[in-house]
Amino acid sequence: MMSMMEFPQPATIQEAIAIQQQLQRQVRIYDDFATLLRIGAVDVSYSKKTNHAYATYAIFRLPALTLEAVYRHSAEVTFPYVPGLLSFREIPVLLPIFQRGAPLPDLLLVDGQGIAHPRFFGIAAHLGIVLNVPAIGCAKSRLVGVHKPVGVIRGSYQWLFYKHRIVGAVLRSRTKVRPLYISPGHRVSIPTAVQLVQRWISRTRLPDPIRFVDQQTRRYRQQLEA
DNA sequence: GCGACAG
DNA sequence: ATCTTGTCGC
């Protein structure tokens with residue numbers, strides 16, 4: 001068993017896939033968390049000119065989603081973008097924030113897939129395992145899976161199927177906007193994941209915590225590149 | 001072999 | 001993801 005918050009850097013695609021297959025066995029897709037007092041959200045932004053990446057982690061206090069703290073970190077990109085291997089590109093940028101002592105949330109929202117992934121191990125699942133924290137993947141587009149047409153009204157959703165399993169839901173977060181792809185990362189069930197994400201959507205397509213870290217990460221990058 | 005393909 | 005402003009539509 002690997003110690004907490006370690007992150008092996010695969011040298012090849014084959015190696016990365018092997019790591020995913022191994023760690024996926026630890027994923028738990030049922031509700032396993034106590035009262036939600038604080039939720040967190042993470043995001044990573046990239047520079048087109050340099051090979052730097054910028055990460056943001058924000059933590060909010062419930063029930064009003066009051067911003068409690070924002071943490072940042074930037075680092076060189078060490079892994080290319082390969083569909084299905086996103087976590088090996090982004091987690092090395094995010095992890096130092098937690099290794100330095102940022103408080104873990106009761107639940108983490110991640111911009112990307114949870115188990116709606118070729119090997120059922122998207123970045124939300126990977127982060128959930130590495131940090132041992134309940135996590136939900138909230139992606140803006142599809143990686144894998146099929147689903148029936150989603151109603152155009154806010155709140156409509158359809159289950160997302162992949163390899164004969166329900167791996168998540170496709171949710172119309174706002175009327176007439178492209179749907180979101182919600183899937184559990186770790187220690188959360190699919191129905192709960194959908195319910196929680198809906199709870200934190202106010203007036204935009206993305207849930208507020210993710211939208212916040214999204215823009216914070218961009219500002220952070222622009223500031224450091226200026 | 002041909003497309004699809006999170007961020 | 002990033003490069004980029006205003007603009008059409010609900």
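Labels below follow one simple rule: chain letters A, B, ... track the order of the sequence lines, proteins then strands, and each chain is numbered from 1. As the structure is a prediction and not an experimental result, all values here were calculated from the model.
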Undergrad: What is the nucleic acid contact for A/Tyr81, judged by heavy atoms within less than 4.0 Å: base, sugar-phosphate only, or nothing?
TA: base

Undergrad: Check the distance between B/dG7's C1' and A/Ile91's CD1 and give it to me in whole angstrom.
TA: 13 Å

Undergrad: Rounded to whole angstrom units, what separation is found between the CD atom of A/Gln222 and the P atom of C/dA1?
TA: 13 Å

Undergrad: DNA chain C: A/Ser47 or A/Lys176, which has the more 5' nearest nucleotide?
TA: A/Ser47

Undergrad: Once you round it to whole Å, what is the distance between P of B/dA6 and CG of A/Leu143?
TA: 6 Å

Undergrad: Over all strands shown, is A/Gly84 touching base, sugar-phosphate only, or nothing at heavy-atom distances under 4.0 angstrom?
TA: base

Undergrad: Please identify which of these residues, A/His52, A/Gln222, A/Glu225, meets the side-chain hydrogen bond (donor to acceptor under 3.5 Å, both in side chains) condition with A/Ser47.
TA: A/Glu225

Undergrad: Spell out, yes or no, whether A/Val188 and A/Val130 are grouped together once hydrophobic residues are joined by side-chain heavy atoms under 4.5 Å, including indirect joins.
TA: no

Undergrad: Find the distance A/His117:NE2 to B/dA6:C1' and express it as a whole number of Å.
TA: 8 Å

Undergrad: Does A/Ser45 make a side-chain N or O approach to OP1 or OP2 of C/dT2 shorter than 4.0 Å?
TA: yes

Undergrad: Could you state the CD1-P distance from A/Ile153 to C/dC10, rounded to the nearest angstrom?
TA: 15 Å

Undergrad: With a cut-off of 6.0 Å (strictly less than), are more than 12 heavy atoms of other residues, nucleotides or ligands near CZ of A/Arg100?
TA: yes

Undergrad: At 4.0 Å (heavy atoms only), tell me whether A/Leu85 reaches a base, stays on the sugar-phosphate, or touches nothing.
TA: base

Undergrad: What is the separation between atom CG on A/Leu160 and atom P on B/dC5, rounded to the nearest whole Å?
TA: 13 Å

Undergrad: A/Glu90 side chain: which of B/dG7, C/dT2, C/dC10 is closest?
TA: B/dG7

Undergrad: Can you tell me if A/Ser141 touches the phosphate of B/dC5, counting only side-chain N or O atoms and a distance under 4.0 Å to OP1 or OP2?
TA: no

Undergrad: Under the criterion ring-ring contact (aromatic ring centres under 6.0 Å, His included), I'd like the reasoning laid out for A/Tyr81 against A/Tyr46: C-alpha separation, chi angles, the key distance, then a yes or no.
TA: CA-CA 11 Å; A/Tyr81 170 68; A/Tyr46 303 89; 8.7 Å; no

Undergrad: Ignoring the backbone of A/Arg142, work out which of B/dA4, C/dT2, B/dA6 is nearest its side chain.
TA: B/dA4

Undergrad: In whole angstrom, give the distance that lies between atom CD1 of A/Ile17 and atom P of B/dA6.
TA: 15 Å

Undergrad: Would you mind classifying the nucleic acid contact of A/Arg221 as base, sugar-phosphate or nothing, using non-hydrogen atoms under 4.0 angstrom?
TA: sugar-phosphate

Undergrad: Where the side chain of A/Lys140 is defined as all heavy atoms beyond and including C-beta, which of C/dT2, B/dA6, C/dA1 is the nearest nucleotide?
TA: C/dA1

Undergrad: Using whole Å, what does the distance between atom C1' of nucleotide B/dC5 and atom CZ of A/Arg119 come to?
TA: 12 Å

Undergrad: What are the two closest non-hydrogen atoms of A/Gly168 and A/Ile190, and how far apart are they?
TA: N-CD1, 3.7 Å

